[in-house]
Asks: 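Right, I'll just put the structure down here and ask away after.
Atoms considered below: every heavy atom in the structure, side chains included; atoms not considered: hydrogens, waters and symmetry mates.
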Amino acid sequence: MKRVHTFSLLGASALLLTSVGLAMSDDGKEKVAVASLPTSVTMEEALKTATTQFPGKVLEAELESEDGKVIYEVEIVNAAGEIREVEIDAQSGKILSSELEDQEGHKKGASHKDSGKS
């Protein structure tokens with residue numbers, strides 16, 4: 001009986017510590033916040049906009065809140081192997097910016113802001 005009680009206490013303690021750790025982690029908070037962000041444009045529409053303007057294969061796409069604005073951030077690799085990060089407004093569907101990245105994911109410049117394209 002004592003052994004069962006000890007295992008129960010250990011299991012409850014592990015569960016509590018895990019829950020507290022997730023609640024305090026930035027990653028956990030970001031995922032909850034991102035899931036509730038308002039959007040008028042779907043992820044599929046954002047991907048179509050990005051790949052129409054910058055043809056290539058989508059490497060990664062995510063919904064983010066940046067400077068108080070909800071955006072889709074899409075990474076595309078083109079036929080030449082260049083990686084471009086494209087930011088799309090999640091409300092209007094317009095491309096806000098695009099930047100080429102080097103192999104380590106650092107911005108190279110070659111950016112345009114508020115192109116007005118959708």
Side-chain angles (χ1 to χ4, degrees):
M1 179 72 176
K2 198 171 198 174
R3 180 177 285 179
V4 171
H5 185 65
T6 302
F7 284 122
S8 296
L9 283 174
L10 286 173
S13 296
L15 183 61
L16 179 64
L17 289 173
T18 302
S19 299
V20 170
L22 286 175
M24 292 176 60
S25 76
D26 287 335
D27 197 36
K29 287 181 185 176
E30 184 177 323
K31 287 180 182 171
V32 170
V34 168
S36 64
L37 293 174
T39 62
S40 296
V41 176
T42 66
M43 175 70 78
E44 291 78 22
E45 292 169 329
L47 293 176
K48 184 176 179 182
T49 297
T51 55
T52 298
Q53 185 67 29
F54 304 102
K57 179 181 175 187
V58 174
L59 297 176
E60 182 179 353
E62 58 189 356
L63 181 65
E64 295 184 346
S65 177
E66 189 172 284
D67 299 327
K69 199 169 210 173
V70 182
I71 63 163
Y72 288 103
E73 188 176 280
V74 182
E75 283 190 8
I76 300 169
V77 61
N78 65 17
E82 298 173 317
I83 297 173
R84 180 174 295 274
E85 180 180 286
V86 182
E87 291 183 353
I88 299 171
D89 187 301
Q91 297 304 320
S92 69
K94 292 182 180 180
I95 294 175
L96 300 173
S97 70
S98 72
E99 296 179 323
L100 285 174
E101 296 182 350
D102 62 17
Q103 295 299 329
E104 288 80 40
H106 299 100
K107 308 290 185 238
K108 289 173 99 174
S111 174
H112 77 280
K113 297 276 185 185
D114 296 318
S115 69
K117 299 187 186 216
S118 55

Asks: Can you tell me if Asp67 uses its side chain to pair, donor with acceptor, with the backbone of Lys69 under 3.5 Å?
Replies: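 Answer holds: no.
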
Asks: How close do Glu45 and Thr42 get, counting heavy atoms only, and between which atoms?
Replies: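 Looking at all heavy atoms of both residues, the closest pair is OE1-N, 2.8 Å.
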
Asks: Return the CD1 to CD distance between Ile83 and Glu60, rounded to the nearest 0.5 Å.
Replies: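 Taking CD1 in Ile83 and CD in Glu60, the distance rounds to 10.0 Å.
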
Asks: State, to 0.1 Å, how close Ile95 and Phe54 come at their nearest heavy-atom pair, and which atoms those are.
Replies: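 Ile95 and Phe54 have their closest heavy atoms at CD1-CE1, 4.1 Å.
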
Asks: With rounding to the nearest 0.5 angstrom, report the OH to CD distance, Tyr72 to Glu62.
Replies: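 The OH atom of Tyr72 sits 12.0 Å away from the CD atom of Glu62.
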
Asks: What pairs with Pro38 under side chain to side chain contact (heavy atoms under 4.5 Å, CB included), at least two apart in sequence or on another chain?
Replies: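 Residues passing side chain to side chain contact (heavy atoms under 4.5 Å, CB included) with Pro38: Val70, Gln91.
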
Asks: To the nearest 0.5 Å, what is the distance between CD on Glu73 and CD on Glu64?
Replies: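 Separation between the atoms: 4.0 Å.
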
Asks: Looking at every heavy atom in both Ala61 and Leu47, which two are closest together, and how far apart are they?
Replies: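 It is CB-CD2, 3.6 Å.
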
Asks: Say you draw a straight line from CD of Glu66 to CD1 of Ile71; how long is it, rounded to the nearest 0.5 Å?
Replies: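 Interatomic distance, Glu66 CD to Ile71 CD1, rounded to 0.5 Å: 4.0 Å.
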
Asks: Can you tell me how far apart CD (Glu85) and CD (Glu75) are? Round to the nearest 0.5 Å.
Replies: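 So the gap between those two atoms works out to 5.5 Å.
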
Asks: Rounded to the nearest 0.5 Å, what separation is found between the CG atom of Leu63 and the CD1 atom of Ile88?
Replies: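 Leu63 atom CG to Ile88 atom CD1 measures 11.5 Å (nearest 0.5 Å).
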
Asks: Which residues pass the side-chain hydrogen bond (donor to acceptor under 3.5 Å, both in side chains) test with Thr51, sequence neighbours left out?
Replies: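 Partners of Thr51 by the side-chain hydrogen bond (donor to acceptor under 3.5 Å, both in side chains) criterion come out as none, since no residue qualifies.
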
Asks: What closest approach, in Å, do Val41 and Ala46 show between heavy atoms, and which atom pair accounts for it?
Replies: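 Residues Val41 and Ala46, closest heavy atoms: CG1-N, 3.9 Å.
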
